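Worksheet for the structure shown next.
Since this is a predicted model, take the numbers as computed values, not measurements. Protein chains get the first letters and strands the later ones, always in sequence-line order, with residue 1 at the start of each.
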Amino acid sequence: MVSPIERRKVALIPIQDELSLRVGKVMEALGLEGDPLIRVAQDEQFGDYQSNCAMGLAKKLGRKPRDVAASIVDKLQIDDLCEPPQIAGPGFINFRIKPGHLAERLKTIRPAPVPGRDRLGIDPADHPEVVVVDLSSPNLAKEMHVGHLRSTVIGDCVCRILEFFGHTVYRENHVGDWGTQFGMLVAHLRHVRPEVVNEPDKLEIQDLESFYVEAKERFDRDEEFRKESRQTVVALQSGDETTMRIWKAFCDESLRHCHKIYDRLGVRLLDRGESCYNDLMNEVIRRLEQGADADGNPLARESEGALCVFMDGFKTREGEWLPLIVRKSDGGFNYATSDLATLIHRIEELEATRIIYVVGLPQKQHFEMIFAATRKAGWAGDHIRLEHLGFGSVLDAAGRPFKTREGGTVKLKDLLDEAVARAREVVTQEDEHSKRDQSLSPKQIDEIAETVGLASIKYYDLSHNLNSDYRFDFKQMLDMEGNTAPYMLYAYARVKAIGRKAGVVFEELPADAPVVIEHPSELRLALTLARFPEALAVAARELRPNVLTDYLLELSKAFSRFYDRKLGVRVIDASPDEVRLSRLKLCDLTARTLKLGLGLLGIETLEQM
RNA sequence: GCGCCGCUAGCUCAAUUGGAUAGAGCAUCGGUCUACGGAACCGAAGGUUUCAGGUUCGAAUCCUGAGCGGCGUACCA
């Protein structure tokens, strides 16, 4: 006997999984092994889902694919879910979901509980994990620039998705707060702001970028200053109290700059810079020098004066091994050392079983080597997943590396400001043409512009495949139509307006509101709504935000058709009551799905725009 | 030199990882409509998936080679 809770769970298994389960069972009964290969049908005319398993099986069995498909269909008990399956082409099994089943499915989704807690009936993961996500991680020596956008936005999205599924997520901001350049910066700071020694908390630096340039300029010009800078590095490394205080004041001020941006973007982060791992550096070296790999060979050895780890799979064809240098010939450490130290901390202290680095693709090889070294040293067992979630670069509209006209880096703040300014133009312009009763107040326009501007940047970034570079184009990302944030936000605002106009508070729709699916546009919308869990599951499994954006676009389009004058249905003035209620419920579900989906992308919705 | 990644419609990008006639959105052209937010909807056109071979029932996807572009390749991060 199935308990009510289990029954609820069963009812909410994504359709795709349900089909997979059913077909899998039949395959088992027939003594067939393999994946049922259930896919969303790519062409509506074939149905809603299809199974592609028959062709592969036929080959193995030496039978005709269509016969295999027929024997599966023959034994399949599935009439509660869909129309009789059709066999087509070389041996596809096509499924069309029954409207009644969709209605049942949507009915089980209860009205939204506490705002922000809406799960749309999706269960958390069965086995929650401790996950570290390494994201953003700017260098504190300078201002944040375009190069930090993707890591921050993608990383935040990944965190939100993992958190939604109930995992414990450490959002690690592994900022660059250590290294030789800080000697120079601290020395410079001490000269131009001597008061920092006594009042470190009051330090304010308007522009970190020009501060860095000043320091660098002096470093290149002034022999005496160069010497001082190097001494400062030594002082930092030996933990000299005054030097540390100035250094910390600088880092804190730089972090305040960063967090202004994070706050604006709605990104929450845990700052834990490289310097936090200083004490672990020697431990890394100690372990590497004393430990042995699985074959009993030393983990590290000296080469050309540097301490290196050599690993299988990282050598040239000539047989030259590619080293991972963990101690330079001058005795200093480098980023490989600190990355290894950080990994030890994350595995042994945070007890993470999954560590995800959201860092650009150019560093792919570096992470492969770091991971390989960690495995070789035995610090990460098989149960620990180490992943590099790489992404392509942001290019300008001409496809060149994103730079200012003068060739400098573009500050992230300037980029956000420009997006908001352009969004304001769009919002103002559209407001004048709007059919709403009241136009927006200046204050509303400001708020809307801020949300739309930032949302546009995020959405545009997330809607691209992680793997590829993309061209940053304000005009495209702020377009009211197409796969953009403004279109999505508009769709949401429009649905919410329906509720207001109908005099219905969506949250107060009866829990047992009927769902009636009759019209083709209702069917399409219902099917799309029911697919949210599987789209989200794919996005989560493969850590691919653009799967989610694609789905949301699909949903928006399905809604627009549903609400269309010609091809859609009436909603507010629909009758009888049962039908009206059902359509309002579809509106409610659309709004909630958009809100939840956009929320997981890190995008705020607007009730009105 | 070696390695990794990319090349898909005029443009910007997808393609659930080997499935049916390769899909969207811009832009273009045409259509719907006294209207629940038209900031909409429908349709047309647009392709030898860089090229050449191969693997198989079936390839944008896998293999081999070539071309173009980007990145990495011993002490920056």
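Residue contacts for A:Glu554: at a heavy-atom cut-off of 4.0 Å it reaches no nucleic acid atom on any strand shown. Across all strands, A:Val326 comes closer than 4.0 Å to no nucleic acid atom at all (heavy-atom distances). At the heavy-atom level, A:Gln429 lies nowhere under 4.0 Å from the strands shown. Within the 4.0 angstrom heavy-atom criterion, no nucleotide atom of any strand lies near A:Asp177.
With A:Tyr460 as reference, A:Asp473 is the one residue of A:Leu478, A:Thr484, A:Val394, A:Asp473 to meet the side chain to side chain contact (heavy atoms under 4.5 Å, CB included) rule.
Figure legend. B:rU73 is base-paired to B:rG1; pairs are counted as Watson-Crick or G-U wobble with both atom distances under 3.5 Å. The pairing partner recorded for B:rU8 is none, the criterion being a Watson-Crick or G-U wobble arrangement whose two distances lie under 3.5 angstrom. The partner of B:rC36, taking Watson-Crick or G-U wobble pairs whose two distances both stay under 3.5 Å, does not exist in any strand shown. B:rA44: Watson-Crick or G-U partner is B:rU28, with both key distances under 3.5 Å. The pairing partner recorded for B:rU56 is none, the criterion being a Watson-Crick or G-U wobble arrangement whose two distances lie under 3.5 angstrom. When both distances must be under 3.5 Å, the Watson-Crick or G-U wobble mate of B:rA22 does not exist.
Contact check on A:Glu518 versus A:Arg583 returns no salt bridge, with no Lys/Arg side-chain nitrogen under 4.0 Å from an Asp/Glu carboxylate oxygen.
Taken to the nearest 0.5 Å, the CG atom of A:Asp339 stands 8.0 Å off from the CD atom of A:Gln363.
With B:rC75, B:rG72, B:rA20 as the candidates, the nucleotide lying closest to the side chain of A:Gln365 is B:rG72.
Taking the 5.5 Å centre cut-off and the 30° plane limit, the aromatic side chain of A:Tyr563 is not classed as stacked on B:rA40. In this structure, the aromatic ring of A:Phe92 is positioned over the six-membered ring of the base of B:rA20, centres within 5.5 Å and planes within 30°.
For A:Ser560 and B:rC41, the shortest distance from a side-chain N or O to OP1 or OP2 is below 4.0 Å. OP1 or OP2 of B:rG18 has not a single side-chain nitrogen or oxygen of A:Arg39 nearer than 4.0 Å.
By the 6.0 Å and 45° rule, A:Arg531 stacks over the aromatic ring of A:Tyr49.
Between B:rG23 and B:rU49, the distance separating the two C1' atoms is 12 Å to the nearest Å.
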